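Here's the structure we're looking at; comments come further down.
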Amino acid sequence: MKFSTSAIHTGNEPNLEKGGSGDVVVPIHLATTFARRKVGEPTAGYEYSRSGNPTRYALEKNLASLENGRYAFAFSSGLAAITNVLLLLKKGDHVVSIDDVYGGTRRLFVQVFEQFGLEFTFASFASGKELEKHLKDNTKMVWLESPSNPLLKIIDIKDVCRTTKAKKILSVTDNTFASPYFQKPLDLGADVVVHSMTKYIGGHSDVIAGCAVVNDAGLANRIKFLQNAVGSILSPFDSFQVLKGIKTLPLRMQKHEENAKKVVEFLSRHKKVKKVYYPGLPTHPGYNIAKKQMSGFGGMVSFELMATLSQSIKFLESLKLISVAESLGVVESLIEHPASMTHASVPKEEREKIGLSDGLIRLSVGIEDIKDLIADLKQGLAKI
Ligand SMILES: *Cc1c(COP(=O)(O)O)cnc(C)c1O
């Protein structure tokens with residue numbers, strides 16, 4: 001089945017068996033526990049809703065298909081999914097992460113997991129060769145985001161995964177920025193894909209959710225065990241919300257990208273704009289790799305203005321249609337200032353080291369009419 005068809009149908013198959021209701025949309029199963037005929041085995045396959053729930057299972061089946069994976073697990077947030085993946089490790093293990101990893105992920109690594117004896121190295125690498133110098137004898141996991149947040153750096157996922165596979169290191173790709181519509185890391189050799197489904201997959205700013213997707217059965221069993229043991233599962237109602245969002249994921253992604261390209265064109269020509277970061281720009285250092293490993297460049301754009309910090313803030317506060325807000329990948333355009341919002345938890349000297357300047361602005365281009373978006377940016381830029 002092709003992506004757009006699967007997005008609508010997988011997990012939503014109507015039950016036309018005798019006694020089934022034929023719903024074309026999966027029902028929200030609120031039951032916390034499931035009755036059984038025999039004491040020793042669950043009759044209908046479900047026992048207790050933390051361990052398994054029909055609505056969540058429908059979503060998990062759908063998510064696996066979106067990523068060309070065999071197993072998917074839904075969690076109560078992106079960070080809950082990331083936590084469960086980190087719990088695959090044990091005391092003394094070392095993780096190499098890209099340096100401009102999502103701020104909340106870095107906070108989780110450093111402020112939570114370091115206390116439990118995990119070691120982290122944050123490094124800039126785009127290929128397997130560049131990664132190698134950061135590996136140690138106890139390196140057990142490599143953490144990637146491509147495109148990264150907020151600098152939209154591109155990593156050659158296939159090349160990095162060739163190195164991690166040869167050294168039996170688990171590779172994880174946070175695919176939130178690309179969405180499975182534009183990039184499928186498992187096909188490129190990743191062992192685990194995680195998403196904040198709060199962003200493109202959900203798409204409507206009305207649900208916080210996360211997932212992990214894998215191909216390997218042994219790995220799937222360990223994550224399933226952790227999902228139940230830790231308990232940070234996605235609720236039936238939220239699972240339904242995400243499933244609903246996914247149906248329009250292909251359409252939304254096409255529009256996000258179409259609009260982003262026009263915004264990039266506009267910003268690149270504007271005299272008050274110093275630099276535009278977008279992997280679809282031929283001048284972007286990761287352009288050729290992005291073209292090879294993604295089927296589209298996505299809807300995220302970052303830029304710097306020819307302006308002081310206070311003027312940049314004034315620009316943001318002058319916008320009328322585009323909301324100044326954290327989050328991304330949703331139907332409404334959102335704009336933010338990483339240094340004081342999403343990446344405020346990253347120390348200033350760390351931010352400077354990775355090239356995240358105080359003047360950087362990140363725009364999640366929504367699916368509104370492009371004329372209204374450009375008009376808003378134009379009037380905002382005129383105020384500074
Ligand atoms: C938002 C985000 C997360 C965290 O997800 P939540 O759903 O907010 O917990 C992780 N990674 C990336 C790239 C994100 O953008």
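Just so it is clear, the model here is predicted, and its values are computed rather than measured. Just so you know, ligand 1 is whichever comes first in the structure, and atom 1 is the first atom listed for that ligand.
Lys61 pairs by the salt bridge (charged side-chain N to carboxylate O under 4.0 Å, His left out) definition with Glu13, not counting sequence neighbours. In this structure, Lys38 has no side chain to side chain donor-acceptor pair (under 3.5 Å) partners at least two apart in sequence or on a different chain.
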For ligand 1, run through the N/O pairs with the protein that fall under 3.5 Å and put one pair on each line.
{"unit_1": "ligand 1", "atom_1": "5 (O)", "unit_2": "Ser196", "atom_2": "OG", "d": "3.0"}
{"unit_1": "ligand 1", "atom_1": "7 (O)", "unit_2": "Gly78", "atom_2": "N", "d": "2.9"}
{"unit_1": "ligand 1", "atom_1": "7 (O)", "unit_2": "Ser196", "atom_2": "OG", "d": "2.9"}
{"unit_1": "ligand 1", "atom_1": "7 (O)", "unit_2": "Thr198", "atom_2": "OG1", "d": "2.7"}
{"unit_1": "ligand 1", "atom_1": "9 (O)", "unit_2": "Gly78", "atom_2": "N", "d": "3.0"}
{"unit_1": "ligand 1", "atom_1": "9 (O)", "unit_2": "Leu79", "atom_2": "N", "d": "2.9"}
{"unit_1": "ligand 1", "atom_1": "11 (N)", "unit_2": "Asp174", "atom_2": "OD2", "d": "2.7"}
{"unit_1": "ligand 1", "atom_1": "15 (O)", "unit_2": "Lys199", "atom_2": "NZ", "d": "2.7"}

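Using bins of under 30°, 30° to 60° and over 60° for the plane-to-plane angle, the ring pair Phe125/His134 lands in the tilted bin.
In this structure, a donor-acceptor pair under 3.5 Å is present between the side chains of Glu60 and Gln227.
A single hydrophobic cluster is not seen to contain both Tyr57 and Ile201; linkage of ILVMFWY side chains at heavy-atom distances under 4.5 Å, directly or through other members, places them apart.
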Exercise answer: donor-acceptor pairs, residues 317-324 side-chain atoms, under 3.5 Å, sequence neighbours excluded:
{"unit_1": "Ser318", "atom_1": "OG", "unit_2": "Lys314", "atom_2": "O", "d": "2.6"}

